[in-house]
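Worksheet: one structure, shown below.
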2 protein chains.
Amino acid sequence: MGLSIGEVAGLASVSVRTLHHYDEIGLLVPSVRTESGYRLYSDADVAMLQQVLFFKELGFPLGEIARIMHDPSFDRLEALTMQRRMLDDKAAQLALMVEAVDAAIEAVKGGVTLSAEDMLEVFGDFDPKQYEAEAEQKWGNTEAYAQSASRTKRYTKEDWQRYKDEAEANGVRMVELFDAGVAPDDPRAMEVADEARLLIDRWFYTCSREMHACLGEMYVADPRFKANYEKMREGLAQWFSDAIKANSARSE
Amino acid sequence: MGLSIGEVAGLASVSVRTLHHYDEIGLLVPSVRTESGYRLYSDADVAMLQQVLFFKELGFPLGEIARIMHDPSFDRLEALTMQRRMLDDKAAQLALMVEAVDAAIEAVKGGVTLSAEDMLEVFGDFDPKQYEAEAEQKWGNTEAYAQSASRTKRYTKEDWQRYKDEAEANGVRMVELFDAGVAPDDPRAMEVADEARLLIDRWFYTCSREMHACLGEMYVADPRFKANYEKMREGLAQWFSDAIKANSARSE
DNA sequence: GTAGACCCTGACGTAACGTCAGGGTCAAGG
DNA sequence: CCTTGACCCTGACGTTACGTCAGGGTCTAC
């Protein structure tokens, strides 16, 4: 019960050093060590390795793989389903490449020169980052998320109430300025925006002005967030987003 | 006529730095530089890049790609045909992976545990080395080329002229001895042979006496090289080859 | 009981770029 | 005309994912 490192390496056609490396970086730590320090890989470890190798084939960096697989909400079935779709996509992209090679062969035979675009457009269609984003959304394990999760776990009911009060006070000030027709890049508007940022920073996760600017964009782009502001005042989402942008842009 | 590095990078979805790197190692040196040092990529350069990226997709290391593509006997059509077959193989292997994912999904759903072998055997079927061997056999080229490429790319016109002068001086001494009827294993002949070896060593790539002996054989075996010597004096190719062999055979 | 195959932990090397720093180039606009 | 922003250059150091020893224990097999 448990395979040696050499056996696993042989089966998966990877080097022993590779498995050492995965152990070192905490990506795949074998569940058992013998008395004498030998690594032993259980069936579960082997299943993990399979996942890792699928992700790797799909171009995920090892750090990303580790984050995904160690997330508490990681689900093997979901991961496999996603991998299946990605492999299909990659196969489709490979088919495109075959077409491009055929086109190139025909061009050479016919003495024709293809355009630069025709020759190069097949590359880079397949971007792992596009999937990384999906994986991140699915298992939402950004650093910010981790921080937020570990902090809010310890929050009591009163904590939540205090946060709500502070957030509401901030919302009130926001609406006041909006109703008064104050421009989003007015110092007072930026002040309120920064207040909102610090709220996040104190209660959930480290939030720089830069990161807040990203959030600001989401507030208008994502209907779920937008609705939160729009139900207070129509046009408030955009106004607030602009205020955040102005706030993040100022020198210091 | 000629695209900037940024344009090419954009079309091929690679970074500018990547193209810089390919230039540095002599894999893809753009055929034109503007007055101000800007790289300009011609249609031929773009076609080269396409080849490079196909090989890369197939897992070839860059050094290998450079060796293959810079070999004088390299043939674009042959390469494309080979790449087409390899891409097909890779697609087949990807299909196997999809099957493996499906099997894993079924296993999870059914609560079954697959054997380690079943889980891992799909990886590593696709070994670029198997193709590298084929490519090397086809375009047969050694490590020496990589060295030569990276050195010669920094050579100026004057460098080339100096090399030509030195090579010609060596040729003259060679012909003098040949005309005088000096035997190839005469110390003077061996001296000239060693001079020729050091020329290669200094200007292009590390060239031991042993390697030079191989080159010597090629000087008579390969008509392209043989012609170089034969046009100076009939029989010179063989004489020089023998001199090289004698030189490489002497103890030190 | 010892040879040969396998395992361990450092530690340094390598390939293929990423990522600045510091500094020219160039077309568009004020 | 000149300046500003997008683009280009050359170093040079950093990073990822291992490869490749060195030095030394472990474990069956004849």
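Below, chain A is the first sequence line, B the second, and so on; all start at residue 1. Model, not experiment: these values are computed from the prediction.
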OP1 or OP2 of D/dT26 under 4.0 Å from side-chain N/O of A/Arg33
no
Check the phosphate of D/dA17 against A/Thr18, side-chain N and O only, distance under 4.0 Å to OP1 or OP2. Yes or no?
no
Between D/dC27 atom P and A/Leu40 atom CG, what is the distance in whole Å?
11 Å
d(CD, B/Glu57; P, C/dA16) in whole Å:
15 Å
Across all chains, not counting sequence neighbours, the ring pair (Phe, Tyr, Trp, His ring centres under 6.0 Å) partners of A/Phe54 are B/Phe123
Between atom CG in B/Asp23 and atom C1' in D/dC9, what is the gap in whole Å?
11 Å
Can you name the residues that form a salt bridge (Lys or Arg N to Asp or Glu O under 4.0 Å) with A/Arg33, not counting sequence neighbours?
A/Asp23
Set of residues satisfying side-chain contact (heavy atoms from CB on, under 4.5 Å) with respect to A/Val108, sequence neighbours excluded:
B/Arg76, B/Leu77, B/Leu80
Are A/His20 and D/dC18 close enough that a side-chain N or O sits under 4.0 Å from OP1 or OP2?
no
Tell me: NE2 of A/His21 to C1' of C/dT14, nearest whole Å?
14 Å
Output yes when at least one side-chain N/O atom of A/Lys56 is less than 4.0 Å from OP1 or OP2 of D/dC18, else no.
yes
Do A/Asp45 side-chain atoms and A/Pro30 backbone N/O form a donor-acceptor pair below 3.5 Å?
no
Mind checking what makes side-chain contact (heavy atoms from CB on, under 4.5 Å) contact with B/Glu35, not counting sequence neighbours?
none
According to a strict under-4.0 Å criterion, is A/Ser15 in side-chain N/O contact with OP1 or OP2 of D/dG19?
yes
B/Tyr22 side-chain N/O to C/dC17 phosphate OP1/OP2 under 4.0 Å
yes
Salt bridge (Lys or Arg N to Asp or Glu O under 4.0 Å) involving B/Asp118 - partner list, sequence neighbours excluded:
none
OP1 or OP2 of D/dC8 versus the side-chain N and O atoms of B/Ser4: is any pair under 4.0 Å?
yes
What's the CG-C1' distance between B/Leu3 and D/dC7, to the nearest Å?
15 Å
Check whether A/Lys90 reaches the backbone of A/Glu57 with its side chain - one donor and one acceptor, N or O, closer than 3.5 Å.
yes
A/Asp43 meets the salt bridge (Lys or Arg N to Asp or Glu O under 4.0 Å) criterion, sequence neighbours left out, with none
In 5'-to-3' order, the base (B), backbone-only (S) or no-contact (-) status of each nucleotide in nucleotides 20-25 of chain C, using a 4.0 angstrom heavy-atom cut-off, is ----BB
Would you check if the side chain of A/Trp239 reaches a backbone N or O of A/Gly181 as a donor-acceptor pair within less than 3.5 Å?
no
Taking only residues two or more places apart in sequence or in another chain, which ones pass salt bridge (Lys or Arg N to Asp or Glu O under 4.0 Å) with A/Asp185?
none
Five-pair end axes of the helix from C/dG1-D/dC30 to C/dG30-D/dC1, angle between them (10°):
10°
Heavy-atom nearest nucleotide on DNA chain C for B/Val16 versus A/Arg39: which residue maps closer to 5'?
A/Arg39
Please report, rounded to the nearest Å, how far the P atom of C/dC7 is from the CD atom of A/Glu24.
16 Å
Rounded to whole Å, please give me the gap between CG in B/Leu62 and C1' in C/dT14.
12 Å
What is the distance, rounded to the nearest whole Å, between atom CG of B/Leu28 and atom P of C/dC17?
12 Å
Any base atoms under 4.0 Å from B/Ile5, or only sugar-phosphate, or nothing? Heavy atoms, all strands.
sugar-phosphate
